[in-house]
Each structure stands twice: as C-alpha cells, then as structure tokens.
Amino acid sequence: MLKVLGLTKNYKSKLTIFKNKAKSINAVNDISFSLNKNEILGLVGESGCGKSTLARLLVRLEKPTRGTIIYNGKDIWDIRKKEMNIFRKQVQVIFQDTYCSLNPNLKVIDSLMEPLNNHFKEKSKEDKIKEIKNLINFASLDESILSRYPSKISGGERQRINICRALLLKPRVLICDEITSSLDVCTQAYILDMIKKLRNKYNTSILFISHDIMSVDYLCDRIMVMKDGKLVEDIENKKIGLNSFTEEYTRELISSVPKRYFSNKAAFNK
Ligand SMILES: Nc1ncnc2c1ncn2[C@@H]1O[C@H](COP(=O)(O)OP(=O)(O)OP(=O)(O)O)[C@@H](O)[C@H]1O
Ligand SMILES: [Mg+2]
C-alpha cells in the first residue's frame, strides 16, 4: 500500500544566545519499509526517536529532506491536484491529542458531517446520517453522543469518534500515532479491539505507532523498532517473545515489560 525508500528528515535547531551554531537533528534517518495490504504494522521506539515525524512525512504534512514515499505506484510529492484529493481521502492519520482534533464549537454530529460534506457532496443528508449512525454502532457508542459537544464526552469516547471520523472516508491506509497513550488501560483495550475489528471489516492497512510494546504485540502482524531516527528491527509478530528480537536495544525495550505478560500470552495462544 505504501512503500518508503531511504526516507530522511533533518531539522535545523534554532540559534539561541547559548548556541551560536545551528545544529542539525536527524529525526528520520534513511528509513525504508513497506506497509502491505490488510496488514497491521506496529512501530515502537522511545520518546524522540522520530515516530511522529515519520507519520507526518507519510501523510504529506511535511516534506522529506531525502527519500521517497510511493502510494498507488507514484511518489506522493509528484502527484497532481486531483490525485491529491484521492490521497487525502485514502490515507488518514489519527494523533494522540483527542481534544485538539475535534472542533470544540461543533457538536459531534457536525464534526462527523464535515468530511462527508467535503468529499461526498453527491450523497443525501439522510444517507450521510445513516452512515454516521452505522459507524457509531460499530464503535459501540450510544447515538446520543452525536448531539453532545467534545467537552462533554470522555477522552476514550473522543478517540473513538476520531477513528469514526477517519473511517467515514473509507481510507485504505490508517496511521495511528500514539492514539491510546492518554487513556486508561480499560479504554485502551476497547480501542485496540476496535482497530482489530476495523481491519477485518474494512480491509484497511494500518500503521500503529506506540511506545507501548505490549499493545503493539497484541495488535500487530509485524513490528518495526526505531532508535535515533533509524529502523533497527523489523520482524513478524508470530515470532515475538523475549528471545526473538536480535537487537540489543529491542531486548532492553522488552525487558521493561513484566515477564508475567509473556507467560500469560503463551498460555493464551495455546
Ligand atoms: N518541527 C521540528 N523542528 C525541530 N525539531 C523537531 C521538530 N519535530 C520534531 N523534532 C525533533 O525530532 C526528533 C523526533 O521527534 P518526534 O516527535 O518525531 O519523536 P517521537 O518518536 O514521536 O517522540 P514521542 O514518543 O515523544 O512522541 C526529536 O528530537 C524532536 O525534538
Ligand atoms: Mg510522537
């Protein structure tokens, strides 16, 4: 679905009275990978390793310093305006901050109508409302939520609304950047299950970015590990276990997970 070749993003740090030389930060450093059809691909790594920069590059919110991103056989920086609309519709991103992503002055129903009004002008209002209600049910939310404002719903509910909002455009690729980070464990589980269900129902390819290796292990078919802007590991999740990662860094990441988790997982998989 997406092919990334030698992707690199450098930022110049600002000059301050303490620093008289601009330093270059290699936020993403020569990364190559593919996101396959109907795959949930996990991306883990510690804070500041470049995960969100990669997400922004993938959806064309930022221009890479070097490298290419191929979607539908074309470099996403070479596509024309008409194809750009298709790209914007088919490749969706959801970020961690649930509150900022919904307009506080709009009721939930109006926030959900917005993408439909922009991209599906030919559809009738009744059809749009029907579609929204179907998704609200899919997200196990009550329809009464539609008439509320974002400040009157919980963080977990807001994140589910954000997922519904992205799904209304029937994306072929969904990039989730730390979408469960600010939620409690129980709500996290709800969202992870929703993502699993979504892949099965809509055949969406998903890049699931998280610093929580447990969520990624639960959800993903394949896992990539990033460190200091580079990809240090890319493995099939079937092999995951305390000994299956080869990189020292990944082992350190895993050693922070309670051993109980892996023994429970082995028992669960039997
Ligand atoms: N616009 C920018 N200008 C300068 N430096 C930036 C910019 N955006 C990100 N960086 C730097 O690039 C590096 C990677 O940041 P990024 O936000 O991609 O990390 P991350 O892996 O998403 O971290 P977290 O897990 O905390 O969200 C960091 O050192 C960050 O300070
Ligand atoms: Mg981030």
Side-chain angles (χ1 to χ4, degrees), residues 2 4-33 35 40-69 76-77 91-101 155 158-159 162-163 166 173-185 187-188 191-192 195 206-220 222-235 245 247-257:
L2 271 178
V4 173
L5 295 164
L7 198 64
T8 300
K9 179 74 187 175
N10 296 332
Y11 291 115
K12 287 251 179 320
S13 64
K14 294 218 172 73
L15 296 175
T16 65
I17 50 165
F18 304 111
K19 287 191 261 172
N20 52 12
K21 252 187 161 179
K23 221 179 108 204
S24 176
I25 301 166
N26 249 347
V28 170
N29 191 356
D30 196 18
I31 282 187
S32 301
F33 69 92
L35 171 65
I40 308 187
L41 173 61
L43 175 65
V44 277
E46 65 196 8
S47 183
C49 72
K51 305 181 297 295
S52 297
T53 306
L54 179 64
R56 289 195 301 273
L57 291 169
L58 291 178
V59 293
R60 238 189 90 135
L61 284 175
E62 286 198 64
K63 195 162 188 181
T65 311
R66 271 189 306 283
T68 36
I69 300 158
I76 62 167
W77 284 94
V91 182
Q92 292 285 311
V93 63
I94 310 170
F95 290 105
Q96 172 184 356
D97 199 330
T98 61
Y99 195 68
C100 292
S101 43
R158 266 201 302 270
Q159 200 56 294
N162 281 327
I163 298 172
V173 175
L174 184 64
I175 296 168
C176 303
D177 186 6
E178 306 265 11
I179 62 168
T180 58
S181 304
S182 54
L183 308 172
D184 64 74
V185 177
T187 317
Q188 278 184 23
I191 303 265
L192 295 183
I195 298 281
I206 298 162
L207 177 66
F208 188 83
I209 301 173
S210 174
H211 58 257
D212 175 16
I213 202 158
M214 284 201 274
S215 308
V216 168
D217 175 44
Y218 169 74
L219 193 65
C220 301
R222 214 175 99 210
I223 299 179
M224 299 190 301
V225 182
M226 229 176 136
K227 183 177 191 288
D228 299 334
K230 283 192 168 290
L231 273 191
V232 293
E233 193 125 41
D234 184 346
I235 70 147
F245 284 111
E247 290 293 322
E248 183 63 28
Y249 173 69
T250 321
R251 285 162 175 269
E252 273 172 35
L253 214 62
I254 289 179
S255 65
S256 61
V257 177

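Both ligands and their constituent atoms are indexed starting at 1 by order of listing. Just so you know, these numbers come straight off a predicted model, no measurement behind them.
Distances between N or O atoms of Thr53 and those of ligand 1 include at least one value under 3.5 Å. Checked against a 3.5 angstrom limit, the closest N/O atoms of Ser47 and ligand 1 fall inside it. Residue Gly45 has no N or O atom closer than 3.5 Å to an N or O atom of ligand 1. Any N or O atom pair closer than 3.5 Å counts here, and Gly48 shares at least one such pair with ligand 1.
The only option from Leu174, Ile223, Ile179 that meets the side chain to side chain contact (heavy atoms under 4.5 Å, CB included) definition with Phe208 turns out to be Ile179. Screening Ile40, Val173, Val4 against Leu35 for a side chain to side chain contact (heavy atoms under 4.5 Å, CB included) leaves a single residue, Val173.
The protein heavy atom nearest to atom 6 (C) of ligand 1 is Tyr11 CD1, 3.2 Å. For atom 25 (O) of ligand 1, the closest heavy atom belonging to the protein is Lys51 NZ, 2.7 Å.
Using modelled atom types and a 3.5 Å distance limit, the side chains of Tyr11 and Glu62 yield a donor-acceptor pair.
Assignment of Gln96 to the shell around ligand 1 is not supported, since no heavy atom sits closer than 4.0 Å. Using a non-hydrogen distance threshold of 4.0 Å, Gly50 registers as a contact of ligand 1. Contact between Glu62 and ligand 1 is absent, with no heavy atom of the residue lying under 4.0 Å from the ligand.
Inter-residue side-chain proximity for Leu54 and Phe33 is flagged as met; some heavy-atom pair is nearer than 4.5 Å.
Near Ala27, the atoms of ligand 1 lying under 4.0 angstrom from a non-hydrogen atom of the residue are 12 (O), 13 (C). The atoms of ligand 1 that sit less than 4.0 Å from any heavy atom of Ser52 are 17 (O), 18 (O), 20 (P), 22 (O), 27 (O).
In summary, Ser52 places an N/O/S atom under 2.8 Å from the Mg ion (ligand 2), meeting the contact criterion.
Here the closest non-hydrogen pair linking Ile163 and Ile191 is CD1-CG2, 3.9 Å. The two residues Gln188 and Leu183 have their closest heavy-atom pair at NE2-O, 3.0 Å. Residues Glu178 and His211 approach most closely at OE1-ND1, 3.0 Å, considering heavy atoms.
Here Glu178 has side-chain heavy atoms under 4.0 Å from ligand 1, and that is the only part of it that gets that close.
Between Asp177 and Lys51 there is no salt bridge, since no side-chain N of the basic residue sits under 4.0 Å from a carboxylate O of the acidic one.
The NZ atom of Lys63 sits 11.5 Å away from atom CG of Leu57, with the distance rounded to the nearest 0.5 Å. One finds the CD1 atom of Ile175 at 6.0 Å from the CG atom of Leu2 (value rounded to the nearest 0.5 Å).
Within 4.0 Å of atom 30 (C) of ligand 1, not a single protein heavy atom is present. Distances from atom 8 (N) of ligand 1 to the protein include at least one heavy-atom value under 4.0 Å.
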